[in-house]
Each structure stands twice: as C-alpha cells, then as structure tokens.
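These notes are about the structure you will find just below.
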Amino acid sequence: MTPDRMPVPDRVRVHPGVLAGTVTVPGDKSLSHRALLIGALSDGPTSVAGLATSDDVAATAGALRSMGVDVRLEPDARGALEGVVSGMAGEPDDVVDCGNSGTSLRLLAGIAAGIEGVTVLTGDASLRGRPVDRVRAPLEAMGAQLWARGGDRRPPLIVRGARLRGIEYRSPVASAQVKSCVLLAGIGANAPTTVWSPAPSRDHTERMLTHLGRRVERELVDGAERVRIEPGAPAAGAITVSADPSSAAFWMVAATIGAGEIRVPGVCVNPTRIGFVDVLRRMGARLRVEAPREICGEPVGDLVGVPAELDGARIDGPRVVDAIDELPILAVAGLCSRRGLEVRDAAELRVKESDRVRGVAEALGALGIEVIEYPDGYRVPGGQRPTAGSVRAGGDHRIAMMAAIAATVGTGPVEIDGFAAVGSSYPGFLGDLERLGAHVERLPSH
Ligand code: S3P
C-alpha cells in the first residue's frame, strides 16, 4: 500500500499553526481521467504515468475494466500510478459504478454512446443527485438513446449506443465535462463534431487528443468557445500527467494567509485551470510560477506561495469557470482579507459533489464565520478569523480540505467529520498537512 492509499481517517482535529515547506500533490484529476479514457480510445496500447491514486480516478479505471479494457496500473516510486491501457471498450457485463466522480460518469457516457449495446452508469448518493440531462441532449442528437431518473435528469444513466452522427452542438453550460463527453463521442462519429460553449472551459481533452496526433480546432468567438474534432482514433502513445492545480490551490491559499513559504513542484498551470492564481494575485498575493515547462501539451510550473496582506476581490462572469473547483478554498482567502470575497454567476457550484455554496456557508459558519449566500454564489466579508468548532464535510472532498486550511489560521482546534471524502482527489492530504508542520489528531469515527 502506498502512503497515499493508507486509509484516510474519517474524523480529524486540526490545530492552528504555521505551515511551511515543499509538498508534491497528486496527479491532476481531470488529466488522470482523460489519460485513461483517451488511452482506451487510442489505436493501440498507451502508456500512462503520474496518475492520481484517488478514488475518482480508480472509478474511471474500474469502469473501463468492466467495459473490457485492459487497464494495468501500479504505483511508481513517488506513489503515483503508472501503467498501460489497451483494448477497445465494449458493452459492460454489469452496472458501471462511477462512485463520487461526475467526470467519470459524464465522459464515459460519451464513450458508451458509440458502443453497440447498453451501458448503465451510476454512482454514490451524491452523484445520483447530479444533472445528466446536459450530456443526454447532445448524445441523443448524435443518435444514441439515453434514459435517466427524475425526468431523465439524474443517474443512473442508461445509454444505448449507436453508430453516431457528427453534429454541431451548442451547450447551454460552459462545462468541460459536457464538451469532453461530446468530443469523445465524436471520435467514433461519421463526420466532424463541433461543440460551442458560452464561455471557455478547461481544454485538457483537446490538448491530449492533439498530443496523440488528432487534429482539434479550438477558438474563442466573441467570448464563446468553439471546438471541432474530426473522427478517428488517437494514435497510441505515452501520456504523463502533471500535478493537480486544484490540490495545489489549498497550499497556495494556506501560504498566502499564513506565515511560511510553501512550494508545490510540477503543477499543471494550464490557463483554464489557474483562475485561482489570478484571483489571489488580484487580492494582493505574491504567488510565483517557477521553472515553466511543457509536458504532453500542458504548461507546467512550480508554484510558490508566500505570506501576503490580502485586499478584496469579486469573481463573476466567464472568469468563474477557470476557478470553479477552487471557489471553496478561495472563501478562506476572502475571510482573511481586508474587504472580503464576492462570487457571483456561479450557480454551477450548487451541483458539484455537494451544494458548495451551502457547504461553504455551513462549514465556515460552524467556525463563526459570516457567509452570505446568493442563489449563484456567496460573499465572505473580510477581517474575520475562524474559531474552534466542529465541521461536517458533507461528503465533499473540497469542503473537508477547506475546513482543514481554515483551522490552521484559526483561534482553536477544528474537528472535521466526514474527512475521508478527501480520498476523491487527494488521499494523502492529511500526511502533507502534517509534513508542512500542522498538528493533526486522528479521531475515532462516531
Ligand atoms: C471537470 C470539469 C468541471 C470541474 C470538475 C472536473 C473535468 O466540471 O468542476 O471537477 O475534468 O472536465 P464541469 O464541466 O461540470 O464544470
């Protein structure tokens, strides 16, 4: 068992303290899913490296195996996963369980749409509450048939695959999952497929397909994003996944609001992912991206955070998408700032692993922090300091980690219940927190 796969305690107590040092965060979750899925669509064995050991990535690997794909992964010297993906996906012999992972379910729907037969995609209670109509509409337009619960809106999602038509699709949401689902379906379609989104979103699928020899056009037209793919399998090759900026964001906020320098090497700094860096810099943070380089078509750098006085900021409009997964931890930067943080146009936050507007308000509220909820965001006034308290993570990894970072700058210990949720993206979070100097107690589960 690698250190990152030691069972994560479900109840912890985190004490205030100074964090400083260097940590290596897991491979990027979005890239890890795509390495496996695109590897499975390629025309021969594709080697993958640097994958996260997280539960969400394990869900994608397990799903592909149940579809007959040979996924061989083993831990490398640094605790990441490496291996080979080969063989074509076919009709699975059982229901496919995507666990807590929306990316697995929505991207697999795109692959299942091109497979002759029936694929049933489901997941845990959180995932079964999240919308799938957003992928149902384009895949039906391509010729597949899909059914879901609650008026065809929520998983389980049943996909009857077909020979797909290339389409031009206008997505009502700026979602990389929807875009990627349609692009992966488009690989097997009979003609080119174009996806329009109201704003640009993370472009990892486009970059990875390009890395494996496909021609993918991506352009911005009056603020909208247009992506076009021609049918055809990606060429077998090698994919190395860089470290997860969404995981690094916890340490960059911790350094900025804390009293020590934190360094996270080898992070994917794709501009569609590091909106949080821009927000923190706008607030006055002194974050550095050192040693810029490129790995498999993705920009990569070492992130360095140092303590800084923060002012306030507002995040709205198209800028929300580039920081969507970091909006919980940015709330902690907001409460430590002079004028606070306001987030608007982020209704999507309510349909993540949990309702994260509510989750931020409840978790920080339990630590004495004022948070004003809006239907499409939140406002955290500045000049606040977390107190001791007891937080429920609500099954959401990013809420659990947000509470732990808030605790480090608080006035007393914070108990976090449901902490095991961090396994979705960052099973080694607690170990890294301790490595950086935090005093943490592992408590027996209730
Ligand atoms: C992801 C896209 C985003 C993000 C999620 C991962 C991806 O979701 O929140 O954590 O890997 O494509 P949406 O596409 O629903 O915005």
Side-chain angles (χ1 to χ4, degrees), residues 26-38 51-52 54-57 59-60 98-111 123 126-127 129-138 153-155 169 171-184 195 197-209 218 225 227 241-242 244-250 268 270 272-276 298 315 318-330 343 345-357 359 376 396-399 401 421-422 424-426:
D28 182 58
K29 188 154 80 71
S30 292
L31 286 172
S32 299
H33 288 303
R34 286 161 173 79
L36 295 172
L37 296 166
I38 292 175
L51 267 58
S54 66
D55 296 340
D56 282 14
V57 176
T60 292
C98 299
N100 188 239
S101 177
T103 310
S104 308
L105 188 140
R106 297 194 181 106
L107 270 57
L108 280 161
I111 293 182
S126 149
L127 185 52
R130 297 179 63 188
V132 289
D133 38 333
R134 51 185 60 194
V135 296
R136 185 176 162 266
R153 295 191 57 225
R154 301 191 197 291
Y169 181 65
S171 173
V173 279
S175 160
Q177 292 179 358
V178 173
K179 172 177 67 175
S180 300
C181 165
V182 180
L183 293 177
L184 295 185
V195 187
S197 308
S201 63
R202 65 192 67 189
D203 60 352
H204 302 307
T205 304
E206 297 90 309
R207 286 175 188 256
M208 202 177 280
L209 288 170
R218 178 175 185 263
E225 181 194 58
V227 180
V241 168
S242 43
D244 196 328
S246 300
S247 299
F250 292 98
C268 175
N270 181 321
T272 63
R273 293 295 300 284
I274 55 164
F276 74 94
E298 292 283 349
I315 314 173
R319 284 183 306 191
V320 164
V321 184
D322 296 345
I324 190 76
D325 293 336
E326 292 68 59
L327 294 177
I329 187 60
L330 285 172
V343 175
D345 303 323
E348 277 290 304
L349 258 194
R350 293 199 181 268
V351 291
K352 294 294 176 188
E353 285 83 329
S354 69
D355 174 344
R356 285 189 175 150
V357 175
D376 66 341
D396 191 318
H397 52 134
R398 302 205 196 278
I399 299 294
M401 292 186 277
V422 303
S424 285
S425 63
Y426 198 166

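Both backbone and side-chain heavy atoms feed into the values below; hydrogens, waters and symmetry mates do not. Remember, it's 1-based here, ligands and their atoms both numbered in the order they're listed. Counting from 1, the numbers follow the sequence of the chain as shown.
Met401 has its side chain out of reach of Ile329: every pair of non-hydrogen atoms, C-beta onward, lies at least 4.5 Å apart. Arg356 has its side chain out of reach of Leu327: every pair of non-hydrogen atoms, C-beta onward, lies at least 4.5 Å apart.
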*Mind running side-chain contact (heavy atoms from CB on, under 4.5 Å) on Asp203 and Val227 for me, showing each step along the way?*
CA-CA 9 Å; Asp203 60 352; Val227 180; over 6 Å; no
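Where the criterion is an N or O separation shorter than 3.5 Å, residue side chain and backbone included, Ala176 meets it with respect to ligand 1. Backbone and side-chain nitrogen or oxygen atoms of Gln177 are examined, and one is located within less than 3.5 angstrom of a nitrogen or oxygen of ligand 1.
With ligand atoms numbered from 1 in the order given, ligand 1 contributes 4 (C), 5 (C), 9 (O), 10 (O) to contacts under 4.0 Å with heavy atoms of Asp325. Taking a cut-off of under 4.0 Å to the non-hydrogen atoms of Thr103, the atoms of ligand 1 that pass are 1 (C), 6 (C), 7 (C), 11 (O).
Judged purely by distance below 3.5 Å, without hydrogens or angles, the side chains of Ser54 and Lys29 never pair a donor atom with an acceptor atom.
Side-chain atoms of Ser32 come within 3.5 Å of backbone atoms of Ala52 as a donor-acceptor pair (strictly under, hydrogens ignored). No donor-acceptor pair closer than 3.5 Å links the side chain of Arg319 to the backbone N or O of Ile315.
With a heavy-atom cut-off of 4.0 Å, Arg34 touches ligand 1 through its side chain alone.
With distances taken over non-hydrogen atoms, the option nearest atom 16 (O) of ligand 1 out of Lys352, Arg356, Arg106, Arg202 is Lys352.
Atom 14 (O) of ligand 1 has as its closest protein heavy atom Ser175 OG, 2.7 Å.
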